[in-house]
Number of protein chains: 2
Amino acid sequence: MSRSNPRVLSTLERAGGFASAQEVYRLMQREGESIGLTTVYRSLQSLVNDKIVDVLRRDDGEAIYRLCGDAHHHHLVCKSCGDTVEIEGGAIEKWAKVMAEEHGFRDVGHTAEIFGICSKC
Amino acid sequence: MSRSNPRVLSTLERAGGFASAQEVYRLMQREGESIGLTTVYRSLQSLVNDKIVDVLRRDDGEAIYRLCGDAHHHHLVCKSCGDTVEIEGGAIEKWAKVMAEEHGFRDVGHTAEIFGICSKC
DNA sequence: AGCACAAATGAAAATGATTTTCATTCCCAT
DNA sequence: ATGGGAATGAAAATCATTTTCATTTGTGCT
Ligand SMILES: [Zn+2]
Ligand SMILES: [Zn+2]
Ligand SMILES: [Zn+2]
Ligand SMILES: [Zn+2]
């Protein structure tokens, strides 16, 4: 197993703690950092193994990586203009926990998004 | 837009209401049905559009399709065996509504899923 | 410094699901 | 029967991710 390249983690942080491998790679390129796509993938995987980052899936199936320590939040997205608001999810956290316990699930995570039409649209 | 081939839906049912496009395709082949992979993909997508089936993602990113009851509900999914429990989401409904109002969004919908490891795994 | 050996790196090829293209076949209304 | 639009599927294209493998880099030892 390989150790994570620290520049990958630092870039993921800078990306807002939420990005796909391809996005991390492109971001590093744009910033003039010399790194291979393979190393980005390997580093992210290693960070996942070490439970330093979380991985989940976009709707299109692409894996996105998220800093675990980062404040966990959810999104309110406008279907028309794409505008996004980050929102608090305390109610969801509780709901997920209760439901999981009730059905004997462990190591649970969750996804939750709200989408609609914003006031400007 | 294309209409769903009824044999695809019937096969998905026979598969236990839970399978990937590739699996539906292989299953139909094994049963001697003549169909193209493209048609399987198109039919499943059409069923998703019509909200007759749900789509979610395996850990490896492959899309899996699932027959869904008609009432709005959410899911608790085992990341290991794929076992799914349909759960009630009253807390989510309220949360989505409050958040949307708070930010001036209208026509809002939401997605929410919980995933973890079930007691059998 | 000089050497040996392991770990890290990255370019290129392989993989595998999904989408796109496009020519052919079906179906149905006139 | 016939024309036009919908459905079909083989093959090619796409795209994220993984695998291979040769090269580079780092580290400890003499
Ligand atoms: Zn908007
Ligand atoms: Zn949350
Ligand atoms: Zn399970
Ligand atoms: Zn709901």
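Only heavy atoms go into these numbers, but all of them, side chains included; no hydrogens, no water, no symmetry mates.
Interatomic distance, OH of B:Y65 versus CG of B:L67, reported as 13.0 Å (0.5 Å rounding).
As a whole-Å value, the separation of B:D59 CG from D:dA16 P is 20 Å. The distance between atom CG of A:L44 and atom P of C:dG10, rounded to the nearest whole Å, is 14 Å. Here the P atom of nucleotide D:dT25 and the CZ atom of A:R7 are 13 Å apart, to the nearest Å. Between the CZ atom of B:R3 and the C1' atom of D:dT8 there is a distance of 14 Å, rounded to whole Å.
For residues 105-114 of chain B, the pairs satisfying side-chain hydrogen bond (donor to acceptor under 3.5 Å, both in side chains) are B:H72-B:H110, B:H74-B:H110, B:H75-B:E113, B:E93-B:H110, with sequence neighbours left out.
With side-chain heavy atoms closer than 4.5 Å counting as contact, directly or through intermediates, B:V98 stands alone and belongs to no larger hydrophobic cluster. The hydrophobic cluster around A:F105 extends to A:L76, A:V85, A:I87, A:I92, A:W95, A:M99, A:V108, A:I114, B:L76, B:V85, B:I87, B:I92, B:W95, B:M99, B:F105, B:V108, B:I114, counting ILVMFWY residues whose side-chain heavy atoms fall within less than 4.5 Å of a member. Counting side-chain heavy-atom gaps under 4.5 Å among Ile, Leu, Val, Met, Phe, Trp and Tyr, B:L27 is found in no cluster with other residues.
A donor-acceptor pair under 3.5 Å is formed between the side chain of A:R57 and the backbone N or O of B:D59.
Taken residue by residue, residues 27-35 of chain A places heavy atoms nearer than 4.0 Å to DNA chain C at A:S34, A:I35.
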Only pairs under 3.5 Å count here: list side-chain donor-acceptor contacts from residues 8-25 of chain A, not counting sequence neighbours, and write none if there are none.
| unit_1 | atom_1 | unit_2 | atom_2 | d |
| --- | --- | --- | --- | --- |
| A:S10 | OG | A:R14 | NH2 | 2.8 |
| A:T11 | OG1 | A:R7 | O | 2.7 |
| A:R14 | NH1 | A:E31 | OE1 | 2.5 |
| A:R14 | NH1 | A:E31 | OE2 | 3.0 |
| A:S20 | OG | A:E23 | N | 3.1 |
| A:S20 | OG | A:E62 | OE2 | 2.8 |
| A:Q22 | NE2 | A:Y41 | OH | 3.1 |
| A:E23 | OE1 | A:S20 | N | 3.0 |
| A:E23 | OE1 | A:R58 | NH2 | 3.1 |
| A:E23 | OE2 | A:R58 | NH2 | 2.9 |
| A:Y25 | OH | A:Q29 | NE2 | 3.1 |

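Partners of A:D50 according to the side chain to side chain contact (heavy atoms under 4.5 Å, CB included) rule, which considers only residues two or more places apart in sequence or in another chain, are A:S46, A:I52.
Among the protein residues, B:N5 comes within range of the sugar-phosphate backbone only, with heavy atoms under 4.0 Å from sugar or phosphate atoms but none that close to a base.
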What does the B/S/- profile of nucleotides 17-29 of chain C look like, 5' to 3', with a 4.0 Å heavy-atom cutoff to protein? SBBB---------

